[in-house]
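So that the names make sense, note that chain A is the first sequence line, chain B the second, and so on, each numbered from 1.
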There are 4 protein chains.
Amino acid sequence: MSPRSKAQNEAIRSKSIFLIKETALELFAHKGYHSTSISQIAKEAGVSKGLLYNYFSGKEELLEVLLLEAAEEIEVEITEIMETIADPFEQLKQLTGQSFLMIKNNLHHWRLVTSLAFQTDVLKDLESVLNAKKEVLIGQMVDLFRRLGMEDPVNEALYFAALVDGIILHYMMVGKDYPLEKMEALILTRYQNIK
Amino acid sequence: MSPRSKAQNEAIRSKSIFLIKETALELFAHKGYHSTSISQIAKEAGVSKGLLYNYFSGKEELLEVLLLEAAEEIEVEITEIMETIADPFEQLKQLTGQSFLMIKNNLHHWRLVTSLAFQTDVLKDLESVLNAKKEVLIGQMVDLFRRLGMEDPVNEALYFAALVDGIILHYMMVGKDYPLEKMEALILTRYQNIK
Amino acid sequence: MSPRSKAQNEAIRSKSIFLIKETALELFAHKGYHSTSISQIAKEAGVSKGLLYNYFSGKEELLEVLLLEAAEEIEVEITEIMETIADPFEQLKQLTGQSFLMIKNNLHHWRLVTSLAFQTDVLKDLESVLNAKKEVLIGQMVDLFRRLGMEDPVNEALYFAALVDGIILHYMMVGKDYPLEKMEALILTRYQNIK
Amino acid sequence: MSPRSKAQNEAIRSKSIFLIKETALELFAHKGYHSTSISQIAKEAGVSKGLLYNYFSGKEELLEVLLLEAAEEIEVEITEIMETIADPFEQLKQLTGQSFLMIKNNLHHWRLVTSLAFQTDVLKDLESVLNAKKEVLIGQMVDLFRRLGMEDPVNEALYFAALVDGIILHYMMVGKDYPLEKMEALILTRYQNIK
DNA sequence: GATGAATGAGTGTTCATTCAT
DNA sequence: GATGAATGAACACTCATTCAT
């Protein structure tokens, strides 16, 4: 038995880590963070509990990794839109549409993120990182509304964010019967006249 | 030598129950349902764990009582507005203002209610009761927007509800620096022209 | 309000004590000693928990009183038979019949007594008292078998006692379908020839 | 560095399970099911409470396993006798002797089994299984007494069973001073004449 | 890299008992 | 004589985490 090469080891590691994260996300999102046990994650992922602790320092770190990845995912999507589109109204339209699409495609993910926003006991250190990301996002929105020529771009950004989050909230609670497209159209009416 | 009178007992009971509920609400709201232990509630309330079980059949019932009381509180406020004011725009204005006032005055309650909307592992039996109350509320809102003369009152009601909930959500996350009044004003712009 | 007379007080006491004992026996026998709580006994007896502790020093003493009374009941029955009947075979016959009659009429009672014979953790101090009573009873039986002219009256007494207890045991487990009368007849065949 | 082999794990598991069962049997038998706590079993067995729950789903399952094993032990012994011996009187003699031998060698087991016959609040699901085994045993006894040429083999079987159980009962209560051999001889006198 | 037996602090809950009234 | 609010030690059970292999 020759020792595994570095690349082989790396591949094995990556696969196990991916499996664990995927399973954990699925379970956290479906059953909640507290109601999901490490044993369950390990069993469902087909790895031992010990291996899980080789890759993550504990249950909380596992959660933090998942949340950070989710935040980065959003960041990438938004940056993409902001950089490839020039017209502010078109940016807003794409941003809105893309937000809802992400929610639709990944309901579990977002359920988890949102539910944890209220669990101040979990997280703690992650909070500052996420807040920083949120600040950047709000800054981009303020800029967008300024370019749209609105009088009070700061509050308009907050208003828009609240509206989108409120709709997401309701969609998460109601499910697929929620008229997401109708809401999307209604959001934009406010800015269409201004255009 | 004679046993305590019924009134005396009732007073003692009420005081203890109030203490327990108040403490539980505070803790559930701040740390989350799962992360708050019965021992902690009892200790913070200054009573024994045993006494808590004299008044509530368990941790879950304690939560249910708190949620039902919160739901009833809203119900009363809204009914009051709907019955004492005739003009639909004025109703909407009052409803919005009152909602934000309630949140401001009772942040704990609302943190708890909102956070539990995502904890599908708790509740279960209470869900149907709360859903029924929500349906009634939505119905009242649809009627209001119809009286306002809007074209699609159903979706307008959902839009309004999402907007208000989104703002509440953000207020809960940001705290007292959040420009609640500014948002309140922005909400109403949509309906002012129609008036 | 004139103070109650001594006799009145005594009557009140007796009634309460009787009520508590009756209820406790019923519950202990039906649900088992450990599965019956003091609260339940008090509630079912219609008295307060405090009153119960006025009359009995605790749950265990309550049980001991019940067991002692049961033991005395048997003692009385047996003494009655031994004193009013002269012929040893007739005594044996009456003793057997009476034993089964008592079981039949008071199944719960006996279930309790028997089940507790195996719970060495309960009781302790009562054990010596009950053993003394048992010794007396065995002595009477030995004497009876001696008068019957049997060769080894000591072992015959033990044999008879085991037989009766075994039948009682099975009757308690099977219930009213058990052929108690048939067994009664079979018991006596051993001694009929000797007569 | 490599994980333990399956065989190694199995050996470790078996040892722990054996230790737990042995301790639990000892304690259940001596102090009764309700009066024995899981903590006590774990401590006495020299393992942690958690380990106990790795192997048994709870206190009740632990009990059930012990009872089932006891029942199977009897079954095997009896089947052995019934299959290797042809003469019915010799079978009866062996059965009696073997029964008492088993009791002597395994007093704990039997104390537990007997005491639980009266604890109707425990068990429930196991009852049907045990009753089925008992029916089979009674059936075999009836057949034996029929082959012995007795007039009423059904009731003779019940009589014999009661007698044996009664003696066992007394032996369990009295201990090693009980004249088990004398009783064994007395039992058989009834059937010796018939032979 | 990987395992899973083992731990123990923690959970929610029960209940015999006390005592101020 | 009588009450029941209050206690706290004990219970069965869970699970994140460790570590020998």
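- Computed from coordinates, the B/E61 CD to E/dG12 P distance equals 15 Å when rounded to whole Å.
- For the pair C/G58 and B/S5, nearest-nucleotide mapping onto DNA chain E gives the more 5' position to C/G58.
- Checking F/dA5, F/dA16, E/dG4 against every side-chain atom of B/R4, the shortest atom distance belongs to F/dA5.
- Under the side chain to side chain contact (heavy atoms under 4.5 Å, CB included) criterion, C/Q40 pairs with C/L27, C/K31, C/T36, C/S37, C/E44, sequence neighbours left out.
- OP1 and OP2 of F/dT14 both lie 4.0 Å or more from every side-chain N or O belonging to D/Y53.
- Partners of A/L25 under the side chain to side chain contact (heavy atoms under 4.5 Å, CB included) rule, at least two apart in sequence or in another chain, are A/L66, A/H109, A/L112.
- Using a 4.5 Å cut-off on side-chain heavy atoms (C-beta onward), B/I12 and B/R4 make contact.
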Tabulate protein N/O versus nucleotide N/O from nucleotides 6-9 of chain F, keeping only pairs under 3.5 Å, one per line.
unit_1, atom_1, unit_2, atom_2, d
F/dA6, OP1, B/S16, OG, 3.0
F/dA6, OP2, B/S16, OG, 3.2
F/dA6, OP2, B/Y55, OH, 2.7
F/dA6, N7, B/N54, ND2, 3.3
F/dA6, N6, C/K49, NZ, 3.3
F/dT7, OP2, B/S48, N, 2.9
F/dT7, OP2, B/S48, OG, 3.2

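- Taking five base pairs at each end of the helix from E/dA2-F/dT21 to E/dT21-F/dA2, the local helix axes there meet at an angle of 20°, rounded to 10°.
- Ring planes of D/Y33 and D/F28: tilted class, angle from 30 to 60°.
- Residues D/Q8 and A/S57 both approach DNA chain F. Their nearest nucleotides, taken by heavy-atom distance, put A/S57 toward the 5′ side.
- D/I38 comes within 4.0 angstrom of the backbone, heavy atoms only, and of no base.
- Going from atom CG of A/L19 over to atom P of E/dA2 covers 11 Å, rounded to whole Å.
- In this structure C/L51 satisfies the side chain to side chain contact (heavy atoms under 4.5 Å, CB included) test together with C/S16, C/V47, C/S48, C/N54, C/Y55, sequence neighbours excluded.
- Between the NZ atom of B/K59 and the C1' atom of E/dT13 there is a distance of 12 Å, rounded to whole Å.
- With sequence neighbours left out, the side chain to side chain contact (heavy atoms under 4.5 Å, CB included) criterion links B/F18 to B/E22.
- A/T36 comes within 4.0 angstrom of the backbone, heavy atoms only, and of no base.
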